[in-house]
Protein chains: 2
Amino acid sequence: MPVGATQDLLKKLDELIYVRKRIKTGATVYHNGNHFHSLYAVKSGFIKTETLHDDGRAQITGFYMAGEILGFDGIATQAHICSAIALEDSEVCVIPLERVENNDNGLHELHHHFYKLMSREIVRDHTIMMLLGSMQSEERLAAFLLNLSLRFQLRGYSANNLILRMKREEIGSYLGMKIETVSRIFTKFQEQGLLEVHQKNILILDMQGLEKIIGQHAANNRPFDKN
Amino acid sequence: MPVGATQDLLKKLDELIYVRKRIKTGATVYHNGNHFHSLYAVKSGFIKTETLHDDGRAQITGFYMAGEILGFDGIATQAHICSAIALEDSEVCVIPLERVENNDNGLHELHHHFYKLMSREIVRDHTIMMLLGSMQSEERLAAFLLNLSLRFQLRGYSANNLILRMKREEIGSYLGMKIETVSRIFTKFQEQGLLEVHQKNILILDMQGLEKIIGQHAANNRPFDKN
DNA sequence: CGGCATCTTGAGTTGGGTCAATGGTCGTGG
DNA sequence: CCACGACCATTGACCCAACTCAAGATGCCG
C-alpha cells in the first residue's frame, strides 16, 4: 500500500473515533448482554474479555493491550456476548461501527482494514483453540509467556521483563487450567532456570528454552500425521 | 431491515459469486499456506478446517455445512493459516473478497452482512474456547451433539437422527480429546439411554438429558463467582 | 499492625491419556 | 458371492497430568 493511502487511512481512522474513555481498574468497557454499538481500540492499559456460560462458568477469551481492538463479538447479534474488564487503569477509543460501515468516500481500504482486523482476531482464536485442544499445561503457559513477550516487545517494552497485569486465576481461566497448576508450572520453570518469578513480575532468562517447551509433547500427538 | 433491502442484498450476493466448485471427499478447498483470494460459501456437503502447528500437531477448528462461509482466516495475512477439507462430496461458491470490498454502489448492507458473518465466526470460536477451557469431555461431546442437532434442524433435517460426516478421530481433535475417550463417552451415553449409536448414525433419544449433562460440573468450576 | 486477597506448596484422587488387543464395516478383486 | 485387507471403532488395563482439598506463606492496603 502506498504511503499516501496509509496516511489517508490513518486520517480516516482518526475521524471515526467518537470519543476517548477512561476505564478504571475493574470497571467494564462493555458488559455481557449490553447492546452493541461500538468497537473499542485500547489506547493504554490492559483489558480482558470474558464470556459467561449459563451455568455460571466463566472463560477469559482474550487479553488486549495498546493498539488492539475489542468488541467484534457484538456485531453478530447486536449484543455483546462477553464482558470487557480493565485489569489496570486504561484508556480506550470508541469507534461506532456505523461510521465504519457508512464510510462512503471511496476509501475501500477502510473496509479492508477492518476485515483484516477481524480476520486477525479469528486467527488468534484458532491459535488458542489449538493451544487448549492439543497442548499440555506447560506448553500452554510457555506459549502464553512468549506471546506476551512478543507483544510487549512490539510496543517498545522489554521482551524479557514482563509485568503481568492479570492474576494467576485469570491466566488459568484463559489457558484452561487451575490456579494451582499455573503456580506450580511457574515454580517449575523457575527451577529449570527459564524464568525468575516475583509475583506479577516475570523475568525470562532463557527464551529458547521456553520455545523448546512448546512441541516437546508433539510426537505423541499427531492425529493426522500418516506420512 | 425492510424486505426491499434484503432482496437487493441477496441479488448483490449472487452477483459476487464468481463460480461454483465441486470438491470431492478428501479434497481441499484451500490449503494451509495458500495465497488468499476468496471466501467460500458451502452450497452442499460438509467441510472441516484444520490448523497445523509447526511441530506437526493438528487441530480441527471447525465443521461447516450448507449456508456457512469459510476462509475468513486468510484475510489477515493474505494466506490461509488452515486447510479446508471436504468430508463428503461437496459444492462451494467462490466469493472473491475484492468484489466484496470494492462493492461501491451504496449498498452498505453488504459490508454489514460480512462484518456480521465474521463476528459470528468469532462468537463461535469463543464458544469452542469455553468448551475446551472449562468443560469436561462428557460435557463437550454433549454440547457438540446438541450443536450439530440444531444446525441440522435449521436446514430441515431431523434434529434427532444425526448422520455424522466426520470420524471419531476428527471429533476428538475438534473437542480436544482422544479417539478412545470419544468412543467411551458414546458408549456411556448409550448406556444411559441418551443416544443410540450405530457407527456414524446417532439417534438422540433424550435431548433434555443431553442438555443436563452440560453444566453438571459447573458448581466446582466457577472462577469468578464470588457473589 | 491487622485483615484480606492472592499465591504457593503438599498430599491424595481422578479424568482422561496410553498402549494393546479385538471387533466391525466396507470396498475390491478373484 | 465370498474372502481378503485396510481402515475405523470399541474395549480393557494401566498410568500420569492435572484437579481437589487443605494448609501456610506472602504481599498489600487501610
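Labels below follow one simple rule: chain letters A, B, ... track the order of the sequence lines, proteins then strands, and each chain is numbered from 1.
Residue-to-nucleotide contacts include a donor-acceptor pair under 3.5 Å from the side chain of B:Glu180 to the base of C:dC19.
Atoms CD1 (B:Ile179) and C1' (D:dT11) sit 12 Å apart, rounded to a whole Å. Atom CZ of B:Phe186 is separated from atom P of C:dG16 by 15 Å (rounded to the nearest Å). Rounded to a whole Å, the CG atom of A:Leu195 is 16 Å from the P atom of C:dC7. Separating the NE2 atom of B:His217 from the C1' atom of D:dA18 is a distance of 12 Å, rounded to the nearest angstrom. In this structure, CD1 of B:Ile213 is placed 14 Å from P of C:dG15, rounded to the nearest angstrom. If you measure from atom CG of A:Leu141 to atom C1' of D:dA17, you get 15 Å, rounded to the nearest angstrom. Rounded to whole angstrom, the span from the NZ atom of A:Lys178 across to the P atom of C:dA11 amounts to 22 Å. Atom CD of B:Gln136 is separated from atom C1' of D:dT20 by 12 Å (rounded to the nearest Å).
Residues B:Ile213 and B:Glu139 approach most closely at O-CG, 3.6 Å, considering heavy atoms.
For the pair A:Thr187 and C:dT9, the criterion of a side-chain N or O lying under 4.0 Å from OP1 or OP2 is met. For B:Lys200 and D:dA9, the shortest distance from a side-chain N or O to OP1 or OP2 is below 4.0 Å. For the pair B:Thr181 and C:dG16, the criterion of a side-chain N or O lying under 4.0 Å from OP1 or OP2 is not met. Between A:Ser137 and D:dA18 there is a side-chain polar atom (N or O) within less than 4.0 angstrom of OP1 or OP2.
Along DNA chain D, the nucleotide nearest A:Ile185 and the nucleotide nearest B:Arg184 are compared for position; the residue whose nucleotide lies closer to the 5' end is B:Arg184. Comparing A:Arg140 and A:Gln199 by the nucleotide of DNA chain D that holds the closest heavy atom to each, the one mapping nearer the 5' end is A:Arg140.
The distance from the CG atom of A:Leu39 to the CD1 atom of A:Ile95 is 6.0 Å, given to the nearest 0.5 Å.
Atom NZ of A:Lys200 has more than 12 heavy atoms from other residues, nucleotides or ligands within 6.0 Å.
Contact annotation for B:Gly176: backbone-only contact, meaning every heavy-atom pair under 4.0 Å involves sugar-phosphate atoms and none involves a base.
For the side-chain hydrogen bond (donor to acceptor under 3.5 Å, both in side chains) test, residues two or more places apart in sequence or in another chain that qualify with B:Glu88 are B:Arg165.
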- Would you sort out whether B:Tyr64 and B:Thr49 count as a side-chain contact (heavy atoms from CB on, under 4.5 Å), showing the intermediate values? CA-CA 8 Å; B:Tyr64 297 82; B:Thr49 52; 3.5 Å; yes
